[in-house]
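Down below is the structure, laid out as structure tokens.
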Protein chains: 2
Amino acid sequence: MAIICCQELISSLTRAETVDEIHLTCSELCEQLGFDRFLYGSMIPTTFNKPHFIYISNYPAEWRARYESENYMGIDPVVTHCASHITPVTWDYITQMGQQDENTRQFMYEAKGFGLNSGISIPVHTPQGEFAIFNLSSIQNNSYTNKHILQVMPHAQLFTAYVHEAVRRVFANDILPLGQVNLTRREKECLLWVADGKTAWETSQILGVSERTIVFHMQNSAEKLNVVNRAQTVARAVSLGLITPQLA
Amino acid sequence: MAIICCQELISSLTRAETVDEIHLTCSELCEQLGFDRFLYGSMIPTTFNKPHFIYISNYPAEWRARYESENYMGIDPVVTHCASHITPVTWDYITQMGQQDENTRQFMYEAKGFGLNSGISIPVHTPQGEFAIFNLSSIQNNSYTNKHILQVMPHAQLFTAYVHEAVRRVFANDILPLGQVNLTRREKECLLWVADGKTAWETSQILGVSERTIVFHMQNSAEKLNVVNRAQTVARAVSLGLITPQLA
DNA sequence: GCATTACCTGTCATTTCTTACAGTACTGTA
DNA sequence: TACAGTACTGTAAGAAATGACAGGTAATGC
């Protein structure tokens, strides 16, 4: 039955138009999968110089505040894992892995104090360079829910992907001028060759235009991306997924 | 029961040490979820100038050959979708979306001729810039298996993530010197500021060293990454996930 | 017709990067 | 102790990028 429920929730996510709707759907999933708390947090690059952080959660406010003020994101082992992996992970596993690390032990212990005893974390990585985490947690103990956690994992993971796409859709016209930068065909071509180590002159020979034209296109790209020089231009273009140097 | 099976298969993936073991596990999943064919294909960036393509599949050899010789990857609507999305997709959906596009219709029709009638495709995107697709397909018709497909989707997606990690592990010591480049702390710091548009002099002021030292670290980074200039260095570092400019 | 956009080209002064030469100093490991 | 790795610094010439001026064509839509 849980399977059917997830399909319905995902279906409602694809129609969601506000953060509240997404929040509600997450709450329902949380309940149906037998968890108490959820937190969706994402880091979305923008054309400005700082990424946008978006949170949707029913975590205890005190824990959120403490996490923020102590800058726990830097030491949170769950974040560290999710930043470099694509597989969901149980907090049980995280705790075991970080057994010898004092920071990790202390952190997980403190989280338990706020009712975040066991749970899972699901990473999201998009080709646009976005990074998100979806946490589902329970006040119950590890050993009790571990088997259950493994069973719901697949559904939680699929749901997570749709949450992220819903968030992108909701915020697209609202706050974020994210991957919305429209580079012209020529600008992308220039960027690809420059990101591949070619100089402006070399690129001009490849594309059969003058060196000045390459400089021109690179300048336009930089302006659109709101950056100041060539290195930053390719860095931004790559991290926004506007070009994929390795495929060229 | 399918749930339990997937857990076991995933568990065996985490232990897999050869391509054949992965192939076998995929075959079993394929069977257990009621599909005939599977194809795992991935594009993994390397420190060399061309990415590595890895395929594990039991697709018909004739179709694979035709796909290759006709360079279908460029027009395959499934690849196009998966390149920019993180959610799994049914071929039914792809077909509907591409109804007005002659290329898409032709392509999907031809695939059916090889017994690839219906199926799902699951995209994988890693923070290291890797891109993979896992296809599961059936010789049966759309309408018959569509509901079934939605039910197995979550398990297939979770499985896919583990397939990819298994492939990375198997090929890590074998062919690919991929994200294995070890940049030092200082090199990453320099890269981050340079990718953020800072000149060598500006970076030197930020890090409290001489301009020459920044140049030195950038040179070492470039050598490790096998690239020729600064633009390519940051492009490569970003696309390999060695630095994440937006988080800095 | 006119505005807009993509695309293209030129020169020149200045800044920045790249490369090649030369070193010192500290660390952990074989 | 020798060695490899990391971090750091200097000079100098030539290559490349940047910024600020200038100009143009072709296609599109109102």
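All figures in this text were calculated on a predicted structure; none of them were measured in a lab. Numbers restart at 1 for each chain; the letters A, B, ... are given by sequence-line order, proteins then strands.
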> Looking only at atom types and distance, does a side-chain atom of A:Glu202 sit under 3.5 Å from a main-chain N or O of A:Thr199, one as donor and one as acceptor?
Replying inline: yes

> D:dT18, C:dC8, C:dC17: which one has an atom nearest the side-chain heavy atoms of A:Val215?
Replying inline: D:dT18

> Between D:dA7, C:dC7, C:dC17, which one does the side chain of A:Phe216 approach most closely?
Replying inline: C:dC7

>> Is the shortest side-chain heavy-atom distance between B:Leu39 and B:Phe134 below 4.5 Å?
In response: no

> How close or far is atom P of D:dC8 from atom CG of B:Asn220, stated in whole angstroms?
Replying inline: 11 Å

>> Does atom OH (A:Tyr93) have a neighbourhood of more than 12 heavy atoms from anything else shown, all under 6.0 Å?
In response: no

>> Does B:Arg66 qualify as a cation-pi partner of B:Tyr72, given the criterion of NZ or CZ under 6.0 Å from the six-membered ring centre and within 45 degrees of its axis?
In response: no

> Expressed in angstrom and rounded to an integer, what is the separation of A:Met218 atom CE from D:dG19 atom P?
Replying inline: 12 Å

> Between A:Gln232 (CD) and C:dT16 (C1'), how many Å, whole number?
Replying inline: 15 Å

> Starting at NZ of A:Lys188 and ending at P of C:dC7, how long is that distance when rounded to a whole Å?
Replying inline: 11 Å

> Would you say the side chain of B:Arg185 and the base of D:dT6 hold a donor-acceptor pair, judged only by whether the two atoms sit under 3.5 Å apart?
Replying inline: no

>> Tell me whether the side-chain N/O atoms of A:Thr213 come closer than 4.0 Å to OP1 or OP2 in C:dT9.
In response: yes

>> Return whichever of B:Val194 or A:Ser210 has its heavy-atom-nearest nucleotide of DNA chain C closer to the 5' end.
In response: A:Ser210

>> Nearest heavy atom decides the nucleotide; on that basis, is B:Glu211 or B:Asn229 closer to the 5' end of DNA chain D?
In response: B:Glu211

>> Rounded to whole Å, please give me the gap between CD in B:Gln219 and C1' in C:dC17.
In response: 10 Å

> A:Glu223 CD to C:dA6 P: how many Å, rounded?
Replying inline: 12 Å

>> Can you tell me if A:Thr184 touches the phosphate of C:dT5, counting only side-chain N or O atoms and a distance under 4.0 Å to OP1 or OP2?
In response: no

>> Quick check for you: among D:dA7, D:dA17, D:dT9, whose closest atom lies nearest to any side-chain atom of A:Thr199?
In response: D:dA17

>> Quick check on DNA chain D: between B:Arg212 and B:Glu187, whose nearest nucleotide comes earlier from the 5' end?
In response: B:Glu187

>> Between P on D:dA15 and CZ on B:Arg230, what's the gap in Å once rounded to a whole number?
In response: 18 Å

> Expressed in angstrom and rounded to an integer, what is the separation of A:His217 atom NE2 from C:dA6 atom P?
Replying inline: 11 Å

> Below 4.5 Å, heavy atoms only, C-beta onward: do B:Val209 and B:Arg186 meet side chain to side chain?
Replying inline: yes

